[in-house]
Amino acid sequence: MNIGYYPGCALHGSSNDYEQSVRACLGALGVQLCELDDWICCGATAAHSLNHKLAVALPARNLAIAERDGFAEMLAPCPMCSAQLIKASRAIAADSKLRDEMSDIVELKVQGRTQVVNLIQVLQKAGSEALRTKQVRALTEFKPACYYGCLLTRPPETLRFDDAEHPTSMETILRELGAAPVEWNYKTECCGAGMTMCNEQTVLELSHRILSDAAAHGANCLVVACPMCHVNLDMKQADVERRFGVVHNLPVFYLSDLVGLAFGLQESELGIDRHFVAASGLASRGQ
Amino acid sequence: MQAVQQENPVEQIAHTNVSHCYQCGKCSAGCPMGEHMDVLPNQLIRLVQLGRMDKAMRAQSIWLCVSCQTCSTRCPKSVDCAGIMDALRELAARSGNPASEQMRTVVFQQAFLDNIRRYGRLNELELIAWFKTKAFAKDFSVPLLFKDAMLGPKMIQRGKFHLKGEKVRDRDVVQRIFAKCAS
C-alpha cells in the first residue's frame with residue numbers, strides 16, 4: 001500500500017523518535033510512505049490563534065501539493081497537523097469562493113480532495129487480520145492507558161473519527177495484539193499541548209492529572225498517537241514529578257511502538273530507547 | 001442589538017453565531033483551564049454578545065486557553081467557543097493591547113509564525129532562542145532564560161536536537177502566502 005505522508009515539523013524535529021517508530025511499524029506492515037514534496041508547516045496553534053486566514057492557507061498549500069501529485073490519501077501522524085489539514089480541506093471543499101481565494105494565495109489549485117488520515121486510521125485500514133498475521137509476540141504484560149488527548153477526535157463534526165467523549169480505537173487494536181488496556185477517566189483531557197515553552201505550569205498541572213489517573217486505574221504505561229502529548233507526558237514527566245513531589249515513572253509509548261513490538265521489532269528499531277522515561281524492561285520482556 | 005451583531009468582528013472571524021448561546025455554562029464546566037481563568041468561556045461569550053469587545057480582548061483567559069476544543073464539542077447550541085477564543089486572541093494581538101500578564105504567550109506565538117515565514121518549517125532551536133530573548137526584553141525573567149537548559153544535553157544524547165533546522169526549497173512562495181494573509 002502506497003500512501004502520501006505529511007510528517008510535519010515535530011516529526012522532523014525533537015519528536016523524530018515518533019517518525020522512526022511510525023516508519024518502522026508501517027514498513028513492517030508493507031505500507032510505503034511517500035513524503036509530500038516541499039511540504040510547509042501547518043501553522044499549528046500560532047496560526048489559528050493569530051491569523052485565521054493563514055490557518056487555512058498554510059494547510060491549503062500542502063493539500064494543493066498533495067492533489068497535484070495525485071495523493072488520494074495522506075497520513076499526518078501529528079494530530080495538530082491532521083486537524084489543521086482536515087479543517088482546511090473541509091472548508092475549501094464546501095465553499096467555491098474560498099477554493100478560488102486559497103488557490104490564488106497558495107499559487108496552486110486546491111479543491112480539498114485529498115483525504116487526510118491519522119496513524120490509527122492507517123492501522124485500522126490495514127485490518128486486524130494483517131496485524132495478527134505479522135504478530136510474533138503477544139503484548140500480555142502491557143496494561144496501557146490509551147490517551148487520545150484533544151485533536152484526534154475534536155471537533156467531531158470536522159474530524160469524524162471515533163467517539164469524542166469515549167474513543168476506543170486504540171484499545172481495540174492493542175487488545176487484539178494481547179494487551180490489556182485499562183478503563184480510566186482522562187483519555188480525552190488536554191495535556192497542555194503547545195504551551196510547554198511559554199506556560200509550563202499549565203502543562204505540568206494538566207499532565208500530572210493524566211499521569212495520576214492512569215496510575216490510579218492500574219496502568220503500567222501510557223499509549224499516545226501525538227508528538228506533543230509525548231513531549232508533555234514523557235520528556236516533561238521528571239518536571240511533573242519534581243513540581244508535585246510524586247513518582248509516576250510511567251513509560252509513554254507511541255501506538256506504533258507497541259504494534260511494532262508485537263511485530264517483533266526491537267526497542268532500538270522503534271526509537272523506544274530514545275524516550276526519557278525508561279521502558280524499564282517492559283518493552284523487552286517476554287521476547 | 002441587531003446592528004452590533006452584524007458588525008461583530010468575532011463572528012466574522014470565527015464563522016459562528018454568538019447569539020445562539022443561552023448561557024448554560026457547559027463550556028466553562030468542562031474547560032481544563034477554567035479554575036485559573038479570570039473570565040470564564042461562557043462569560044466571554046456574554047461579553048461578545050453585548051459588544052463589550054474591549055473587556056473580552058483584555059481577558060487573561062483567552063491566552064490561558066489551550067485550544068483543546070472541549071467547549072465547542074460539548075456546546076448544545078453548536079457555538080464554536082474555541083473559535084471565538086481564536087478570534088479574540090487575533091483581535092487582541094492585532095490591537096497591540098492584550099493582558100500584560102500573558103505577553104509571553106503572545107510573544108511565543110508571534111515568534112513561531114515569524115520562524116515559519118522565514119523557513120517554511122519550524123527551526124526549534126532558533127524559535128527557543130528568539131522567544132527567550134524577546135520575552136526577556138519584556139519581563140526580565142532570568143528563570144525563563146535558563147528553563148529547560150538541562151534538557152539540552154539529554155536531547156543531544158537521544159538524537160532529538162538539531163543545530164540546523166530544515167528549510168523548504170520554495171521559501172519565496174511561503175513569504176508571498178504570509179504577505180497575502182497579512183491582516
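For clarity, every value in this text was computed on a predicted model and none was experimentally measured. The chains referred to below are lettered A, B, ... by the order of the sequence lines, with proteins before strands, and numbering in each begins at 1.
- If you measure heavy-atom distances from Arg171(B) to chain A, you find no contacts under 4.5 Å at all.
- A distance-only check finds no donor-acceptor pair linking the side chain of Asn51(A) to the backbone of Glu90(B) [under 3.5 Å].
- Residue Gln110(B) touches chain A through both its backbone and its side chain, counting heavy-atom pairs closer than 4.5 Å.
- Per-residue heavy-atom pair counts under 4.5 Å with chain B were compared for Ala10(A), Ala44(A), Ala47(A), Ala57(A), and the maximum is reached by Ala47(A).
- Looking only at distances, no side-chain donor or acceptor of Gln109(B) sits under 3.5 Å from a matching main-chain atom of Ser49(A).
- Heavy-atom pairs under 4.5 Å with chain B peak, among Arg209(A), Arg154(A), Met197(A), Glu165(A), at Arg154(A).
- Per-residue heavy-atom pair counts under 4.5 Å with chain A were compared for Gly159(B), Ala135(B), Ala93(B), and the maximum is reached by Gly159(B).
- No hydrogens or angles considered: a donor-acceptor pair under 3.5 Å links the side chains of His12(A) and Glu166(B).
- Side-chain contact of Arg23(A) with Ser256(A): a donor-acceptor pair under 3.5 Å is absent, judged by distance alone.
- Across Lys132(B), Met33(B), Gln157(B), Gln102(B), the residue that shares the most heavy-atom pairs under 4.5 angstrom with chain A is Met33(B).
- At least one side-chain heavy atom of Gln20(A) sits less than 4.5 Å from a side-chain heavy atom of Arg274(A).
- Within the 4.5 angstrom heavy-atom criterion, atoms from both the backbone and the side chain of Phe178(B) approach chain A.
- Rounded to the nearest 0.5 Å, atoms NE2 (His36(B)) and CG (Leu64(B)) are 8.0 Å apart.
- With a threshold of 4.5 angstrom between heavy atoms, Phe161(B) does not approach chain A through any atom at all.
- For an aromatic pair to be called close, the ring centres must be under 6.0 Å apart, and His230(A) with Tyr254(A) satisfies this.
- Using a 4.5 Å heavy-atom threshold, the side chains of Phe131(B) and Arg104(B) count as touching.
- Both the backbone and the side chain of Thr70(B) have a heavy atom closer than 4.5 Å to some heavy atom of chain A.
- Proximity to chain A among residues 111-118 of chain B is limited to Phe112(B), Leu113(B), Ile116(B), judged by heavy-atom separations below 4.5 angstrom.
- Heavy-atom distances place no part of Glu157(A) under 4.5 Å from chain B, backbone and side chain included.
- Remark: side-chain polar atoms of Asn62(A) are paired, donor with acceptor, to backbone N or O of Ile40(A) under 3.5 angstrom.
- Comment: Lys167(B) does not engage Glu126(B) in a salt bridge, judged by the lack of any side-chain N to carboxylate O separation of less than 4.0 angstrom.
- Put simply, the side chain of Trp39(A) never gets that close to the backbone of Tyr5(A): no donor and acceptor are under 3.5 Å apart.
- If you measure heavy-atom distances from Met85(B) to chain A, you find no contacts under 4.5 Å at all.
- With hydrogens and angles disregarded, no donor-acceptor distance shorter than 3.5 Å links the side chain of Asn199(A) to the backbone of Thr105(B).
- A salt bridge between Glu200(A) and Lys236(A) is present, with a side-chain N of the basic residue lying under 4.0 Å from a carboxylate O of the acidic one.
- Residue Thr153(A) does not touch chain B at all, counting heavy-atom pairs closer than 4.5 Å.
- Contact of His15(B) with chain A is not made at all, since no heavy-atom distance falls under 4.5 Å.
- In this structure, the portion of Met195(A) lying under 4.5 Å from any heavy atom of chain B is its side chain and not its backbone.
- The residues Arg61(A) and Glu107(A) are annotated as not salt-bridged, no charged nitrogen and carboxylate oxygen being separated by less than 4.0 angstrom.
- Judged purely by distance below 3.5 Å, without hydrogens or angles, the side chains of Asp80(B) and Ser72(B) pair a donor atom with an acceptor atom.
- One finds a salt bridge joining Asp17(A) and Lys160(B) here, because a Lys/Arg side-chain nitrogen approaches an Asp/Glu carboxylate oxygen to under 4.0 Å.
- In this structure, chain B has a heavy atom under 4.5 Å from the side chain of Ala164(A), while its backbone stays farther away.
- Below 4.5 Å, heavy atoms of chain B meet heavy atoms from Asp104(A), Ile105(A), Val106(A), all part of residues 95-106 of chain A.
- When only modelled atom types and interatomic distance are considered, Ser169(A) and Asp162(A) share a side-chain donor-acceptor pair under 3.5 Å.
- For Leu54(A), the parts lying under 4.5 angstrom from a heavy atom of chain B are both the backbone and the side chain.
- Contacts of Ile128(B) with chain A are made by side-chain atoms alone, with heavy-atom separations under 4.5 Å and no backbone atom involved.
- Of the two parts of Asn16(A), only the side chain, counted from C-beta on, holds a non-hydrogen atom closer than 4.5 Å to a non-hydrogen atom of chain B.
- Side-chain N/O atoms of Asp234(A) and His275(A) include no donor and acceptor closer than 3.5 Å.
- Using a 4.0 Å cut-off between charged nitrogen and carboxylate oxygen, Asp37(A) and Arg169(B) count as a salt-bridge pair.
- For chain A, the nearby parts of Val168(B) are the backbone and the side chain; heavy atoms of each come within less than 4.5 Å.
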